[in-house]
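Have a look at the structure below before the remarks.
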Amino acid sequence: METFGNLITCINDIIWHPVMLLFLGGAALWFTLRLKGLQFTHLRDMFHCIGEKGENTKDAGLSPFQAFATTVGGRVGTGNIAGTATAIFMGGPGALFWMWVTALLGASTGMVECMLGQAYKTRNLGELTGGPAYYLSRGVKNRRLGKILAVLFCLSVFIGPGFLLPAMQTQTAATAMQGAFGIPYVAVGLLMVLLVGAVVMGGIKRIGQVAERLAPIMCAVFFLITLVITVLNIQRVPTVFHAIFASAFGQDAIFGGIVGSSIAWGMKRGFFSNDAGNGMSPLISATTDTSHPVKQGLVQGLSVYIDTLLICTCSGLCILLAGTYNVAADGAGAALLVENAPGILYGVPFMQEALTTTLGHTGSILLAVMLFIFIYTTQLSYSYQLESTCRFLFGEKKLCVTIVRIVFLCFCLFGVLVDGEVIWPMGDIGVGCMLWVNTFGCLLLSPVIVKLVKDYKQQRKLGLDPLFDPATVGIDDEDGVWDVYVAKKKARGDYDNDALAY
């Protein structure tokens with residue numbers, strides 16, 4: 001078992017090599033420049049599109065807000081707490097700044113992949129479905145390469161969010177609940193399975209209905225807790241923000257020697273937390289009934305901001321204001337530059353100590369409950385990601401979908417029955433492979449993305465509500481999922497409008 005664990009760790013280190021950060025950062029910058037900073041120039045559209053309602057009554061799709069809530073629920077989880085704390089431990093307070101940079105640039109990647117998920121969506125068992133496997137297999141010019149990438153992505157989904165990450169998430173929830181309430185691991189695992197099963201067996205529509213209620217509440221509660229901690233430590237606010245910026249650029253005498261770690265860990269945990277580029281969000285956003293792919297892309301760009309600029313910032317500020325953190329001197333933790341929390345392990349314990357120090361035992365209880373809800377919504381998102389992947393591989397087979405849901409629930413329970421030391425890196429391998437494959441595929445499909453955005457902007461410039469016809473950008477719509485909006489374009493006279501140049 002030890003040999004197997006070492007092998008998994010070695011593979012994980014290769015997949016998550018620092019070269020990945022250059023690749024992801026370069027891709028995010030490329031999309032930002034290629035789309036002329038769409039994630040900055042169309043902020044108003046992000047909020048406008050989130051409240052729109054589709055008109056395709058033929059499909060059992062999600063509303064834009066339900067898809068937004070479901071992806072926020074999937075993004076916001078242990079990564080926002082443990083990931084932010086780990087970044088601070090390995091890179092100092094400045095790592096939080098580089099997480100912000102990752103969100104601002106990474107939002108472009110998150111937008112791009114969701115635009116593609118929408119543009120190439122199809123219909124399966126009466127529901128809208130899509131994602132990287134669909135746009136890779138249908139959109140990449142070299143069809144053989146596209147199909148290979150699609151299969152590799154599917155395998156990565158099975159390894160990561162399909163089976164191993166749900167087990168890891170349940171284990172984290174069980175640890176928190178046992179620490180706060182003394183509830184046995186197995187009891188927490190069974191409760192998680194029952195709650196998740198009650199929703200996922202109802203399909204994507206039920207998942208969206210639950211997510212649209214829970215996601216806003218949990219984000220609001222977390223923000224309020226941060227506000228309370230900020231008020232209680234108001235005198236330390238200027239010092240903390242000075243430490244963040246000084247540490248990020250090596251201007252702090254204490255952290256000057258770990259600027260490289262600050263950048264690397266800030267970017268690594270930023271991309272891991274906000275899911276930009278790993279293909280998870282397109283699997284959800286493809287189920288949305290919206291009139292133009294760019295609209296859903298903008299909505300998902302906002303979800304990246306919510307995840308990192310809001311939730312990760314809340315985690316970071318709670319820890320830094322409470323002062324319950326340590327900072328490694330060597331990027332590994334063998335020696336410490338700062339030891340404000342002696343004996344406290346980095347990760348969730350940093351946040352737990354921050355809340356306990358500020359709010360007493362109530363803080364520990366609040367964290368356990370929040371973590372359970374965060375993880376619960378993440379599990380719901382994972383379940384549909386696996387289900388959508390199986391629909392791509394096995395087609396319209398209802399029995400297959402039911403079996404996949406049951407197997408997923410078994411893996412949720414699996415997390416409280418085994419040691420998580422191997423589950424973590426194996427899950428990371430799946431997510432890492434998803435990042436490599438999907439981001440590479442999105443780069444190959446850059447010409448399609450540019451056409452989508454150009455079409456959206458042209459219609460907006462003419463004062464029109466953007467409507468989409470796949471044929472105008474060279475995409476075949478065999479299942480007719482866009483027929484309603486194509487008919488509206490015809491009725492509106494878009495194809496006779498010289499300014500649209502169809």
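These numbers come from a predicted model, not from an experiment.
Using a cut-off of 4.0 Å between Lys/Arg side-chain N and Asp/Glu carboxylate O, Glu387 and Arg391 are scored as salt-bridged.
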Sequence neighbours left out, cut at 3.5 Å: what donor-acceptor pairs do the side chains of residues 22-29 make with other protein atoms?
none

Please set out all donor-acceptor pairs under 3.5 angstrom arising from side-chain atoms of residues 430-440, sequence neighbours excluded.
{"from": "Trp436", "atom 1": "NE1", "to": "Ile15", "atom 2": "O", "distance (Å)": "2.9"}
{"from": "Asn438", "atom 1": "OD1", "to": "Tyr135", "atom 2": "OH", "distance (Å)": "2.5"}
{"from": "Asn438", "atom 1": "ND2", "to": "Glu113", "atom 2": "OE1", "distance (Å)": "2.8"}
{"from": "Asn438", "atom 1": "ND2", "to": "Gly277", "atom 2": "O", "distance (Å)": "2.8"}
{"from": "Thr439", "atom 1": "OG1", "to": "Gly277", "atom 2": "O", "distance (Å)": "3.2"}
{"from": "Thr439", "atom 1": "OG1", "to": "Leu435", "atom 2": "O", "distance (Å)": "2.8"}

What pairs of donor and acceptor atoms, side-chain ones from residues 92-105 against any protein atom, are under 3.5 angstrom apart with sequence neighbours left out?
{"from": "Trp98", "atom 1": "NE1", "to": "Ala248", "atom 2": "O", "distance (Å)": "3.2"}
{"from": "Trp100", "atom 1": "NE1", "to": "Thr313", "atom 2": "OG1", "distance (Å)": "2.8"}
{"from": "Thr102", "atom 1": "OG1", "to": "Trp98", "atom 2": "O", "distance (Å)": "2.8"}

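For the residue pair Gln118/Gln296, the side-chain donor-acceptor check at 3.5 Å is not satisfied. A donor and an acceptor atom, one from each side chain of Tyr120 and Ser137, are nowhere located under 3.5 Å apart. When only modelled atom types and interatomic distance are considered, Thr32 and Ser108 share a side-chain donor-acceptor pair under 3.5 Å. A donor-acceptor contact closer than 3.5 angstrom is absent between the side chains of Gln66 and Thr288. Side-chain atoms of Thr172 and Gln169 include no donor-acceptor pair closer than 3.5 Å.
Using cut-offs of 30° and 60° on the angle between ring planes, the pair Phe392 and Tyr134 is perpendicular. Under the 30°/60° scheme for interplanar angles, the aromatic rings of Phe372 and Tyr376 are found to lie parallel.
Residues satisfying the salt bridge (Lys or Arg N to Asp or Glu O under 4.0 Å) test with Arg138, not counting sequence neighbours, are none. In terms of the side-chain contact (heavy atoms from CB on, under 4.5 Å) criterion, residue partners of Val348 (sequence neighbours excluded) are, by chain and number, Ile81, Ala82, Leu367, Leu371.
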Side chain to side chain contact (heavy atoms under 4.5 Å, CB included) between Met90 and Tyr346, worked out:
CA-CA 9 Å; Met90 295 296 186; Tyr346 64 90; 3.8 Å; yes
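For Phe222 and Phe374, the distance between ring centers is under 6.0 angstrom. Taking the centre of each ring, Phe411 and Phe408 stay at or above the 6.0 Å mark.
Side-chain atoms of Ser381 never come within 3.5 Å of backbone atoms of Thr377 as a donor-acceptor pair (strictly under, hydrogens ignored). A donor-acceptor contact shorter than 3.5 Å is absent between the side chain of Thr287 and the backbone of Leu128.
Identified under the side chain to side chain donor-acceptor pair (under 3.5 Å) test for residues 144-167, with sequence neighbours left out: none.
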